[in-house]
Every structure is written in structure tokens, then in C-alpha cells.
Engineer: 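First the structure, which I've put down as C-alpha cells, then a few questions once you've had a look.
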Amino acid sequence: MKIGLLGAGNVGLSLGFAMKKKGLSLAGVNDIDPRKMQEASAILECPKLATEDLMDNSEILMFAIPDDSIEKMYSELKSKIPEKTLLAHFSASLSSEVFDSAEFRLSAHPAQVFPYPRLEDDVFKDVSFALEGNPKAV
């Protein structure tokens with residue numbers, strides 16, 4: 001599966017790094033901050049992609065952006081997201097219903113805080129996630 005990362009903040013970079021270490025394919029990364037996007041691209045060894053290119057090249061699209069930006073960004077993008085794309089966010093304050101028209105939607109809430117990017121091996125070992133969403137996505 002190709003995974004696209006929208007957001008290169010603490011959570012996004014930590015999850016992207018853990019996925020890369022497990023051999024998962026990152027299609028690319030996008031962030032509104034060019035410096036963060038460049039740093040994430042280098043650390044994750046994946047391309048920096050424009051939002052539309054990221055959507056077109058991803059089977060999973062991870063919204064690792066601030067909670068108050070998820071609904072707005074999704075509403076701007078939803079008509080362009082390929083139908084079978086799995087959408088995931090990591091907000092503790094929102095359900096998967098924020099992706100109202102998506103067939104495959106998921107919210108994943110890690111039981112860990114991210115005051116900085118976590119880039120060590122096995123950072124998610126013994127960390128539980130609360131998953132909520134469409135049964136096929138979960």
C-alpha cells in the first residue's frame with residue numbers, strides 16, 4: 001500500500017518514520033510549511049508532493065494536521081480524492097465522521113503524546129491506539 005502523509009508535524013513525522021522502518025511505502029509528504037516538508041522528505045526518504053499529486057499516488061491518505069484544520073482541508077479536497085482511498089486522521093477530538101463522504105474512513109488515536117517528533121526504533125512498541133471508523137477501514 002502506498003501511504004500519503006498530509007502534515008509533517010510531530011505526529012505525522014513520527015508515524016511516517018515508524019511506517020518506513022516497518023517497510024511500508026510512503027508515496028510522499030505534503031505540508032504547508034516548506035521547511036517541515038523538506039525535512040520530512042529527507043527523513044522519510046520520500047518525495048515532496050503537491051496535494052493533488054499526493055492524493056493521486058496514495059491508497060491511504062493520512063491527515064496528520066491540527067484538529068481544527070481536518071474538516072476544512074477534507075472539504076476542500078473530497079471531490080478530488082480517489083474513491084477507494086482510505087482516509088485516516090489522528091485527532092483525539094474528532095471521529096471518522098469528519099470524512100462524511102468517504103467509503104473507507106478511520107480515526108486512530110494513539111495513547112501517547114507527541115511534544116516532538118519521535119524518530120527512534122520501535123517508538124510505538126507497547127503503545128495502544130483507539131481505532132474508530134468504517135469496519136473495512138479499521
Side-chain angles (χ1 to χ4, degrees):
M1 275 187 259
K2 292 185 179 181
I3 301 163
L5 178 60
L6 280 170
N10 296 344
V11 172
L13 193 54
S14 299
L15 286 165
F17 186 79
M19 290 176 178
K20 181 188 119 188
K21 288 299 235 177
K22 293 297 181 188
L24 296 172
S25 177
L26 294 168
V29 62
N30 179 279
D31 196 280
I32 59 171
D33 181 334
R35 183 189 56 77
K36 281 186 180 180
M37 186 165 53
Q38 177 63 41
E39 180 180 270
S41 173
I43 290 170
L44 302 176
E45 299 173 352
C46 69
K48 300 174 289 189
L49 294 176
T51 306
E52 288 192 16
D53 293 332
L54 189 64
M55 291 186 300
D56 289 343
N57 291 296
S58 300
E59 297 168 278
I60 298 173
L61 192 57
M62 299 190 321
F63 286 70
I65 59 178
D67 294 6
D68 61 355
S69 300
I70 294 170
E71 189 169 12
K72 181 178 187 271
M73 178 171 266
Y74 173 66
S75 68
E76 291 171 4
L77 302 177
K78 71 180 175 180
S79 66
K80 301 171 192 160
I81 297 172
E83 187 177 320
K84 297 294 183 185
T85 304
L86 187 151
L87 304 179
H89 73 71
F90 306 95
S91 165
S93 65
L94 298 172
S95 76
S96 66
E97 294 295 317
V98 71
F99 301 132
D100 62 353
S101 65
E103 181 178 353
F104 302 104
R105 59 185 177 218
L106 171 71
S107 61
H109 314 286
Q112 175 174 317
V113 296
F114 294 87
Y116 53 87
R118 303 284 308 267
L119 305 178
E120 60 270 10
D121 289 343
D122 294 326
V123 67
F124 290 100
K125 184 177 184 210
D126 299 325
V127 174
S128 297
F129 278 77
L131 301 178
E132 174 275 325
N134 170 286
K136 289 181 182 179
V138 172

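Any value given below was found using the heavy atoms of this structure, including those in side chains, with hydrogens, waters and symmetry copies removed.
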Engineer: What I'd like to find out is whether the side chain of Leu6 reaches to under 4.5 Å of the side chain of Met73, using heavy atoms alone.
Structural biologist: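 Leu6 reaches Met73 side chain to side chain.
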Engineer: May I ask you to test the Arg118-Phe17 pair for a side-chain heavy-atom distance under 4.5 Å?
Structural biologist: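 A side-chain contact under 4.5 Å is absent here.
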Engineer: Is there a side-chain contact between Ile70 and Phe99 (heavy atoms, below 4.5 Å)?
Structural biologist: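 In short, these two side chains touch, coming nearer than 4.5 Å.
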Engineer: Do Leu49 and Asn30 come close enough that some side-chain heavy atom pair is under 4.5 Å?
Structural biologist: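 Sidechains of Asn30 and Leu49: no contact.
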Engineer: Quick check: is Leu24 connected to Met55 through a chain of hydrophobic side chains (ILVMFWY, heavy atoms under 4.5 Å apart)?
Structural biologist: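 Looking at the clustering, Leu24 is in a separate group from Met55.
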Engineer: Look at the side-chain heavy atoms of Ile, Leu, Val, Met, Phe, Trp and Tyr, link any pair under 4.5 Å apart, and say whether Phe114 and Met37 land in one connected group.
Structural biologist: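 Shared cluster, yes.
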Engineer: Any idea how Phe63 and Tyr74 line up, ring-wise: parallel (<30°), tilted (30 to 60°), or perpendicular (>60°)?
Structural biologist: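 Judged by the thresholds at 30° and 60°, the geometry between Phe63 and Tyr74 is perpendicular.
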Engineer: Decide yes or no for Lys80 and Thr51: does some side-chain heavy atom of the first lie under 4.5 Å from some side-chain heavy atom of the second?
Structural biologist: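 The answer is no; the side chains never approach within 4.5 Å.
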Engineer: Got Lys22 and Asp122 here, is their nearest side-chain heavy-atom distance under 4.5 Å?
Structural biologist: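 Of all side-chain heavy-atom pairs linking Asp122 with Lys22, at least one is under 4.5 Å.
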Engineer: Kindly indicate whether the side chain of Leu87, heavy atoms from C-beta on, has any atom under 4.5 Å from the side chain of Lys78.
Structural biologist: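 No - every pair of side-chain heavy atoms lies 4.5 Å or more apart.
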Engineer: Is the number of heavy atoms from other residues, nucleotides or ligands within 6.0 Å of CG (Leu119) greater than 12?
Structural biologist: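 More than 12 heavy atoms, drawn from other residues, nucleotides or ligands, come within 6.0 Å of this atom.
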Engineer: Mind checking whether Leu61 and Leu26 sit in one hydrophobic cluster, side chains of I, L, V, M, F, W, Y counted as touching below 4.5 Å?
Structural biologist: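 As far as the 4.5 Å side-chain criterion goes, Leu26 and Leu61 are not connected within one cluster.
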Engineer: Near Glu120 CD, under 6.0 Å, is it more than 12 heavy atoms from other residues, nucleotides or ligands?
Structural biologist: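 Counting other residues, nucleotides and ligands, CD of Glu120 exceeds 12 neighbours.
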Engineer: Give the ring-plane orientation class for His89 versus His109, where under 30° counts as parallel, over 60° as perpendicular and anything between as tilted.
Structural biologist: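 Geometry flag for His109 against His89: perpendicular rings.
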